[in-house]
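Written below as structure tokens is the structure these notes are about.
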Amino acid sequence: MTEEQLRASVVGELRPLAGPIVIADYDPEWPLRFRREEEKIRAALGDAAVQIEHAGSTSVPGLAAKPIIDIVLVVADSTDEDAYVPALEAAGYALRIREPEWFEHRMFRERNTNVNLHVFSHGCEEIDRMLVFRDWLRANQSDRELYEQTKRELALKKWKYGQNYADAKTAVVAEIMARAGSPPAEQ
């Protein structure tokens, strides 16, 4: 994403990285942190939370990752922000990204912990892609190692924004997704 594209999707101020990307060895605490967040989200949203999944690298046992818990939250309609944003904000999450052009994705940051909460509408194809990628890495050691090696190499570079680091992983994600039998998402 260009800086202009980032500015268009970020809610509030666009913040450059304060330091280098940190990749930590797998921590068995990560699934427990997810469970605590899942309980908090369910308490805030009740039945409006159609599905809650631990996604991203911290959801893959044995995979080194940035120590940020990525959560996929499925709601009936992510564009109906009145149905979930106030409750999530009251629970300590801050809306940081609104991407109407990319699956109507919304992303929240938890104010006190390292959590990215990704919100999609029920039936969105990106949900399946994220879960296929997670499940493939859980089951496939060689691709898990490839992905970890790529992330570690990219983390050594200087990035202005975290999204630049994420975008740099696109080619390896597409390669792995092809083996997993699912096409990569269009950005």
_Minimum-distance pair of heavy atoms, taken over all atoms of P31 and D27_ = CD-O, 3.9 Å

*Given Q149 and E145, is the side chain to side chain donor-acceptor pair (under 3.5 Å) satisfied, shown in steps?*
CA-CA 6 Å; Q149 176 187 350; E145 290 171 355; over 6 Å; no

*Verify the cluster assignment for I69 and L88: are they in a single hydrophobic cluster under the rule of side-chain heavy atoms below 4.5 Å apart?*
yes

*State the OH-CG distance between Y26 and L63, to the nearest 0.5 angstrom.*
9.5 Å

_Option from I127, L45, V74, L73 for which side-chain contact (heavy atoms from CB on, under 4.5 Å) with V50 holds_ = V74

*Please report the shortest heavy-atom distance between I23 and Y165, naming the atom on each side.*
CD1-OH, 3.5 Å

*asked:* Under 4.5 Å between side-chain heavy atoms, counting indirect links through other Ile/Leu/Val/Met/Phe/Trp/Tyr residues: same cluster for V115 and I41 or not?
replied: yes

*So, are E39 and R42 salt-bridged, with charged N and O less than 4.0 Å apart?*
no

*Can you say whether the rings of W102 and F120 are parallel (under 30°), tilted (30 to 60°) or perpendicular (over 60°)?*
perpendicular

*I would like to know whether K40 and E110 meet salt bridge (charged side-chain N to carboxylate O under 4.0 Å, His left out); could you show each step before the answer?*
CA-CA 11 Å; K40 186 165 74 169; E110 206 284 335; 2.6 Å; yes

*Side-chain heavy atoms of S78 within contact of Y84, under 4.5 Å*: yes

*Given side chains that start at C-beta, do those of D128 and E125 come closer than 4.5 Å, heavy atoms only?*
no

*Between T58 and I68, what is the shortest heavy-atom contact and its length?*
CG2-O, 3.3 Å

*Would you mind reporting whether Y161 and E3 have side-chain heavy atoms less than 4.5 Å apart?*
yes

_Between the side chains of R179 and E175, is the shortest nitrogen-to-carboxylate-oxygen separation below 4.0 Å, so that they form an ion pair?_
yes

_Could you see if I21 belongs to whatever hydrophobic cluster contains V60? Use Ile, Leu, Val, Met, Phe, Trp, Tyr and a side-chain cutoff under 4.5 Å._
no

_Taking the six-membered ring for Trp, are F34 and W30 closer than 6.0 Å centroid to centroid?_
no

_What verdict does the side chain to side chain contact (heavy atoms under 4.5 Å, CB included) test give for S9 and M1, after you've listed the backbone C-alpha separation in whole Å, the side-chain angles of each residue and the deciding distance to 0.1 Å?_
CA-CA 10 Å; S9 65; M1 288 183 121; 4.1 Å; yes

*asked:* With salt bridge (charged side-chain N to carboxylate O under 4.0 Å, His left out) as the criterion, how do R106 and E99 come out once you've worked through the C-alpha distance, each side chain's angles and the decisive distance to 0.1 Å?
replied: CA-CA 6 Å; R106 307 299 191 261; E99 295 178 296; over 6 Å; no

*Check whether the side chains of S142 and N140 place a donor and an acceptor atom closer than 3.5 Å, and report yes or no.*
yes

*Heavy-atom pair of closest approach, residues H54 and R138*: O-NH2, 4.4 Å

*Would you kindly say whether T150 and E153 are connected by a side-chain donor-acceptor distance under 3.5 Å?*
no

*Approximate separation, where rounding is to 0.5 Å, of E37 CD and D70 CG*: 11.5 Å

*Supply the atom-to-atom distance M130 CE to D135 CG, rounded to the nearest 0.5 angstrom.*
12.0 Å

*Is there a chain of hydrophobic side chains (I, L, V, M, F, W, Y, each step under 4.5 Å between heavy atoms) that links L154 to V173?*
no

*Decide if atom NZ of K169 counts as having more than 12 heavy atoms of other residues, nucleotides or ligands within a radius under 6.0 Å.*
yes

*Would you call I97 and V11 a side-chain contact if the rule is heavy atoms closer than 4.5 Å?*
no

*Could you tell me whether K151 and E148 have a side-chain N and a carboxylate O separated by less than 4.0 Å?*
no

*Would the number of heavy atoms belonging to other residues, nucleotides or ligands and lying under 6.0 Å from CZ of R152 be above 12?*
yes

*Closest non-hydrogen atom pair, V132 against A180*: CG1-CB, 4.0 Å

*asked:* Using side-chain heavy atoms (C-beta onward) and a distance below 4.5 Å, is R109 in contact with N116?
replied: yes

_Would you say the ring centers of F133 and Y147 fall short of 6.0 Å from each other?_
yes

*So how far is it from L137 CG to S57 OG, rounded to the nearest 0.5 Å?*
7.0 Å

*Verdict with reasoning, I52 to V72, per side chain to side chain contact (heavy atoms under 4.5 Å, CB included)*: CA-CA 6 Å; I52 303 172; V72 173; over 6 Å; no

*Please check if the side chain of R33 supplies one atom and the backbone of N114 the other of a donor-acceptor pair under 3.5 Å.*
yes

*Should V22 and K66 count as side-chain neighbours, where that means a heavy-atom distance under 4.5 Å?*
no

*Would you mind telling me which of K160, R96, R7 makes a side-chain contact (heavy atoms from CB on, under 4.5 Å) with L14?*
R7

*Could you state the interatomic distance from NE2 (H105) to SG (C124), rounded to the nearest 0.5 Å?*
9.5 Å

*Should E29 and R36 count as an ion pair when the cut-off is N to O under 4.0 Å?*
yes

_Minimum heavy-atom separation for F108 and L95, please, with both atom names._
CD2-N, 3.4 Å

*How far apart are the C-alpha atoms of F103 and S121, what are their side-chain angles, what is the distance that settles it, and do they pass the side chain to side chain contact (heavy atoms under 4.5 Å, CB included) test?*
CA-CA 8 Å; F103 304 107; S121 296; over 6 Å; no

*Using only heavy-atom distances, determine whether the side chains of Q51 and E53 contain a donor-acceptor pair under 3.5 Å.*
yes

_Contact check, side chains of E81 and R98, non-hydrogen atoms, under 4.5 Å_ = yes

_Pairwise side-chain contact, H122 with V75, heavy-atom cut-off 4.5 Å (strictly under)_ = no

